[in-house]
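Here the structure is laid out as structure tokens; the discussion comes afterwards.
Chain identifiers are assigned alphabetically (A, B, ...) following the order of the sequence lines, protein sequences preceding nucleic acid strands; residue numbering begins at 1 within each chain.
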2 protein chains.
Amino acid sequence: MTKRQRANSAPTIHDVAAAAGVSRATAARALGGYGPVSDDARARVMSAADRLGYRPNRLARSMITGTTHTLGVVIADIQLAFFAQAVRGISDAARAQEFEVILANTDEDRAKELAAVDVLIDKRVDGLIVAPADSAQTAHLAEAQRRGIPVVLIDRGAPGLRCDVVAVDNQRAARNAVNHLIRLGHRRIAIVTEASTALSAAEIGRAHLPPAGQMTSVLRQAGWAAALRGAGLPVTDELIRTARYDRDDARAATAAAIAGADRPTAILTTDETMTLGALEAILEAGLDIPGDISLVGFDDSPWTTVVRPPLTVIAQPVYELGAMAARRLLARVAGDDSPPGPVFLDTSFILRGSTGRAPEG
Amino acid sequence: MTKRQRANSAPTIHDVAAAAGVSRATAARALGGYGPVSDDARARVMSAADRLGYRPNRLARSMITGTTHTLGVVIADIQLAFFAQAVRGISDAARAQEFEVILANTDEDRAKELAAVDVLIDKRVDGLIVAPADSAQTAHLAEAQRRGIPVVLIDRGAPGLRCDVVAVDNQRAARNAVNHLIRLGHRRIAIVTEASTALSAAEIGRAHLPPAGQMTSVLRQAGWAAALRGAGLPVTDELIRTARYDRDDARAATAAAIAGADRPTAILTTDETMTLGALEAILEAGLDIPGDISLVGFDDSPWTTVVRPPLTVIAQPVYELGAMAARRLLARVAGDDSPPGPVFLDTSFILRGSTGRAPEG
DNA sequence: GTGAAAGCGCTAACAC
DNA sequence: GTGTTAGCGCTTTCAC
């Protein structure tokens, strides 16, 4: 079988060229929209192309140009509302420049992250957006950069890596929220946070955390501690309630916190999952919000206004975080080599019904 | 510059072969794990490979093998919990067989869907999972199939397309839920659904809908109507409350429904967004749930147990829907050519506090 | 403006 | 078991 007899396989530029009676180079120029082509040739090529149902093979093109018009996105879990929104922002910004998105979930597991990054490099993505599972171990990301693949971090930074980071100032946001509680007269303000990143009262006292160099929950905890210290209030281990990253464990941790003798009068939760668990525990205990206890947490989920009372929350511009990360990455892909650094988007403190004056006594 | 002097570009199989002192073919065989290679040669190749930091170029491989180990996933919006969960299921099932996932959002817009499918075909994905925006217009999907790309539909079917569909039986699920309300004595049971797909009372009376051939909301509406008719209850336009697909509009539609003289004693909502709006309206109206009005809706969102009362819901196995779709698609990619058809996964009716006996009168 | 020819990095016959 | 050779479908010099 000679080369031109592949009757029923997809038409290539070769077939189009033959049908149009021009050379492959001319057909390619017309189809690809580069280089000089006469109007006549272009017209013949175009009509041949759609008569044959020609579609360019982007793999072949990528082999030569070295660019795939594809971004790799490596996050913890697309099922978490935070990442779903961020990915939508990324996807829209990418799409606006004709880039596609390959998604990988890590479940905050470094091994999965390594594997994902490797595959994405092998697939020759043009850039990588990563929410790194471990801020301290980023050799694989440095390696990607070394191979010419720009990396933008989202949600959390990595001190050891020279790259762009798009995040919010978690310490500041938490500090603001806790300051608000303090102004309402609260003195015992607990935090319900992830065990895997939580620090003890002693540790959080010493810690000096860069604003984008850690997992968000530690930063939020640090902000909480800073606010307490700033008001001269004690930061004790009893106020630090940790749970596996799981709603039910957050419920149990909160239940334990409010069962004690010296019940906190307010609780800060570090994200939606923790908030859900904490709220459940408070409801089950039959406590009045905010009469007996105030509740404020990160993330303005849609449901926070249909619970009673509606929740006071710290909202992040999640979609924008994603869109911004993608835009920065795309700029890098396009050759921008200005010095990389963090970009902080503003959070907003949304005052609703779950925070109120501290109960007497 | 001769061919071997590309000092600082990524090492290719050629470089590895040279370093190991074997031919490219041998190096390729060792690296790719195919064909016969002596232990000695393999060892030398492997050590040369990781000394040089060799990584295979999957684009080049795909050019030859014709497979990219990539699935295209075309959905409405990753920000909707339903799709986020489904995509996680898809991603995990794909990953289990070393496939990656490219994501595209359509916002139920056919033009965006067409564009996405085109790009994915051009990128030579091995298969496509699609939640089609329009069940009636699927020429682009048939075209993908014609080009040898298997297609699996998720969440909704398309009567005109011969392919696998993974969904739930929405009519049946809705009918069951409404039957439950009927057994509780309800006679005026309204539905809050999307305007874009809703049928009038007259239309829904005549409609004969295939179980997987439509958008889910019509099917749910049909199930609702079937239950009413089955109990000899009237299906009137007054009971059909439509809204843009948007929580706030659902709130307004519900507010109008419960403001009238002949207030429904129960409401069925067709998904999380509608439920959120409906619940908000009921709370704002100060009605007691379920004393004044019962509420049941599709989708068992995490927050449905922290509102008071907790919501009775129809739960779909969303993650499994995704995983199943991916597994079927992967089977097709692997050559399975058994007759395609729909697969229905079971929903579950979760009885909680938002449904109760119909009020007297 | 157009064509011939080389080659991206890899796999797959086919000899030996 | 190993090497040689011919492509995959495209872009890109470089002549003409």
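- Between the P atom of C:dA12 and the CG atom of B:Leu31 lies a distance of 14 Å, rounded to the nearest Å.
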Would you give a per-nucleotide map of nucleotides 10-16 of chain D, 5' to 3', where B means the base has a protein non-hydrogen atom under 4.0 Å away, S means only the sugar-phosphate does, and - means neither? BBB----
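- Judged purely by atom type and a 3.5 angstrom limit, B:Ser135 uses its side chain to pair as donor or acceptor with the backbone of B:Gly157.
- In the model, B:Thr70 has a side-chain atom that pairs as donor or acceptor with a side-chain atom of A:Lys123 under 3.5 Å.
- When rounded to the nearest whole Å, the span between CG of A:Leu59 and P of C:dC8 equals 18 Å.
- Every side chain to side chain contact (heavy atoms under 4.5 Å, CB included) that A:Asp77 has, sequence neighbours left out, goes to A:Gln79, A:Leu80, A:Asn105, A:Asp107, B:Arg88.
- Taking atom CE of B:Met63 as the reference point, atom P of C:dA12 lies 13 Å away to the nearest angstrom.
- Considering only side-chain N and O atoms, A:Ser23 lies under 4.0 angstrom from the phosphate OP1 or OP2 of C:dG3.
- Panel note: side chain A:Asp126, backbone A:Val333; no donor-acceptor pair is recorded below 3.5 Å.
- Taking only side-chain nitrogens and oxygens, B:Ser38 never comes nearer than 4.0 Å to OP1 or OP2 of D:dG1.
- Checking A:Leu103, A:Ile154, A:Asp92 one by one against A:Val87, the side-chain contact (heavy atoms from CB on, under 4.5 Å) holds for a single residue, A:Leu103.
- Legend: side chain to side chain donor-acceptor pair (under 3.5 Å) pairs involving residues 42-52 of chain B, not counting sequence neighbours, sorted by first then second residue: B:Asp40-B:Arg44.
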